[in-house]
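Numbers restart at 1 for each chain; the letters A, B, ... are given by sequence-line order, proteins then strands.
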Amino acid sequence: MTRSLHGVALSYIIGVLMGTRETSDRALAGGAATEEAAPENAASNGDGRSALEKELADYRTIQRAVIDSTSDMIWAVDPVRFGLLFFNRGLADYFGERGIELKIGDRPEDMFFPPGLIETWHSIYERALARGPYVMEYNVLTGTHVLELNVNVLRRGDEVFGVSVFGKDITERKRAEQAIRESEARWRTIFGAYAAAIALVRTDSGEIVDVNRAWEEMTGFPREEALGRTPVMLGLWPAEQQESLQAARMSERLSEVEVQIRRKDGQRRDVSITSAFIDIAGEKLFVAISQDVTDRKRAREELRELSERLFHQDRVVRAGEITSSLAHELNQPLAGILSNAQAIRRYLDAANPDLVEIAEAIDDIIADDKRAAEVIHRLRGFLKKDVSKRETVDVSRLAAEVAKLAKHDLEIANVVLVMAPEEPPATVVADAVQVQQVILNLINNAEQALTQGWKGERRIVVTTSTNAAEGVTVVVRDTGPGFADGVLERIFDPFYSTKPSGMGLGLAISRSIVEAHEGKIWGANAPEGGAIVTFILPPAAADE
Amino acid sequence: MTTTSPGVAICLVDDDPSVRRALRRFLKVAGCAVRDYESAAALLVELDELERDVCIVADVLMPGMDGFALLAAVRARRPSIPVILMSAHDSPQIREQAADSGAAMFFRKPIDGEELLGAVQRLLRGTSGQT
């Protein structure tokens, strides 16, 4: 359409221009100065220029201005040797930039083209002379420009007096078209080959505009069947589902929803759909990327079951460990009780029983009995951890409460307790009582290290700190002797104790609690002396 | 009817003070000469000075040197002294290890003092018979 219009307009303009010039064979417009285009041919008429002539002169001036105001190249050549009959400013500038000043009668191709190309160039004119007007695309020599050439034959009656060319620079348009083609091809490739199912959907109606192969496979519906219909029409999901999906899409820039779809074959699958707005040719669409998560979901559930089973097994194993350690820990006081009872029996056999010895033996029996009861009491505390109440707690605050509890005992033992919580509050989702139990155990442990035969400074420092990635870290450091060589690996084992009065449960309980919170606990010796026990409670798992 | 055992000398090694005291009390009232040690190392210091007809009764699980290590040291330096091992841990493995390493006997805690006494008497009669 545009091309032929261009052609018609051009022939007309040039036709008018050339046809009204009496001296069409001599210099016409040169460098295309507008005033030059004003005809001087009315001289013979002197002042007697007719109104028509004046009007015509003005008209030519306008035409000339128009022709020169475009950067497109317009020119005409004679039909014999193809010398320039006419050229506009666009052509003059093009050659001017290349150091060539054009004149009427020139053949710019002679100055510019390599010999082989001159014939090719002339064939443009020859073709018009032989077959009439036409339009073609022409890549200029340097390969940097593309011209759309609109070639016309100029006639004066039956006589052909020239060939006009309208050379429109379409480089940018071609480049843009190419870019669009490439981008379209890329999009098609990605769209088609993407492993996830993709559907383009109208934002208003939910009507499917396009789908890829993965979508066809996921839903079982061929593309042709899906286009122009909505998921509800296809029976993928009910209308209520569509509404809530639509609502989620409208409320967020990028929404992700998990839905269940009913495939064409009736099979149900769990699908995760991520939708985003996309603007295609002025129309707002949703691009919905779906992934079949049925297997993943099942795997996740299996994993959860497995970990629950493992957790249970771990508890069974640990219960076994505890039973064995418990037997040891109870057999010790029982041994004392039995020996003392048998000693009393022997004392009583004597003619004059040593009542002082008997009383001491009975006191020892009482003490051993209490010791056995304490073992059982602690064991109950150890097992109680299974009932866990999780809430958001500030570990610094919990530690401060523990410090209050421990303060009295520590003062009596002449131990200084320093609490060093760091800002901000060390919040984590945990069982408050259990976390306090851990902190108390660690403080007790440190206290024992400081009071049993230790002659140095008696100080315990408890620091709490938090960071987003790791969670809350609590460090309990003492100024005591530190852990002996070879002890560090065993300190968290149940009933392992390095202290004569120790039950060996404090650190084991602490480990159990920390691990039940998916945290870590470990011991170390400070380079400057003293023991350090650190535990970390991770931030709450995001998916629970 | 209980018997007294004059002249029976026992070295008792246990890191648990209450067990040590109770057993010492019983053995003493039964007429034994008892020396008690809170660790294997403490006994080893005096090992060379111990009389011939003495019996060592040692706990297996002790911090530092355990009962098995003590047994090995005694067998190396004073092979004629019988060593009885005892433990609050009772497992086939520990009994086996006690037998393999040459313990005269193994007792599970809580120990029946009368049984222990009988065993010690039998062992010492055996060793004195050899001298």
Side-chain angles (χ1 to χ4, degrees), chain A residues 320-321 323-351 353-354 356-372 374-375 483-487 490-491 493 495-504, chain B residues 1-6 10 12-32 34 36 38-39 42 57-67 69 84-94 106-118 120:
Chain A
E321 272 173 30
T323 311
S324 150
S325 304
L326 177 73
H328 176 263
E329 215 47 35
L330 283 175
N331 280 335
Q332 292 286 76
L334 286 176
I337 290 167
L338 181 56
S339 295
N340 277 315
Q342 286 184 315
I344 291 166
R345 188 78 188 75
R346 286 242 172 194
Y347 286 130
L348 293 175
D349 280 345
D354 185 339
V356 176
E357 277 292 335
I358 291 173
E360 278 181 14
I362 290 175
D363 283 347
D364 282 356
I365 288 175
I366 293 168
D368 274 335
D369 193 287
K370 284 185 175 169
R371 178 177 159 191
E374 177 69 8
V375 170
F483 296 109
D485 289 345
V487 162
R490 298 188 58 197
I491 54 172
D493 292 350
F495 299 105
Y496 179 79
S497 176
T498 56
K499 296 173 286 274
S501 63
M503 201 62 62
Chain B
M1 197 50 208
T2 54
T3 54
T4 56
S5 312
I10 295 175
L12 184 60
V13 191
D14 198 319
D15 62 305
D16 189 311
S18 70
V19 171
R20 205 165 63 230
R21 196 164 68 224
L23 208 47
R24 184 187 61 204
R25 180 177 283 133
F26 170 78
L27 291 170
K28 272 191 167 168
V29 73
C32 301
V34 184
D36 62 293
E38 61 168 15
S39 70
V57 177
D59 188 26
V60 171
L61 281 179
M62 291 185 289
M65 191 181 213
D66 69 7
I84 292 176
L85 290 180
M86 57 181 179
S87 179
H89 267 301
D90 183 23
S91 67
Q93 291 94 322
I94 209 165
F106 176 83
F107 279 93
R108 179 177 66 84
K109 285 182 184 174
I111 292 179
D112 183 324
E114 303 293 349
E115 273 182 32
L116 175 67
L117 200 58
V120 172

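Only the side chain of A:Asp368 comes within less than 4.5 Å of a heavy atom in chain B; its backbone stays farther off. Neither the backbone nor the side chain of B:Leu116 comes within less than 4.5 Å of any heavy atom of chain A. For B:Ile111, the part lying under 4.5 angstrom from a heavy atom of chain A is the backbone only.
Of the charged side-chain nitrogens involved, none lies within less than 4.0 Å of a carboxylate oxygen, so that A:Glu360 and B:Arg21 do not count as a salt-bridged pair.
Legend: residues meeting salt bridge (Lys or Arg N to Asp or Glu O under 4.0 Å) with B:Glu38, ordered by chain and number and at least two apart, are absent.
Contact check for A:Arg346 versus B:Glu114: side-chain heavy atoms found under the 4.5 Å cut-off.
Taking each heavy atom of A:Asn331 and B:Lys109 in turn, the nearest pair found is CG-O, 3.4 Å.
Going from atom CZ of B:Arg25 over to atom CD of A:Gln342 covers 13.5 Å, rounded to the nearest 0.5 Å. Expressed to the nearest 0.5 Å, how far CG of B:Leu61 lies from CD of A:Gln332 amounts to 8.5 Å.
For the side chain to side chain contact (heavy atoms under 4.5 Å, CB included) criterion with B:Pro110, the lone passing option out of A:Leu330, A:Ile337, A:Leu334 is A:Leu334.
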*Report the C-alpha distance between A:Arg371 and B:Asp16 in whole Å, list the side-chain angles of each, state the deciding distance to 0.1 Å, and finish with yes or no for side chain to side chain contact (heavy atoms under 4.5 Å, CB included).*
CA-CA 12 Å; A:Arg371 178 177 159 191; B:Asp16 189 311; 2.5 Å; yes
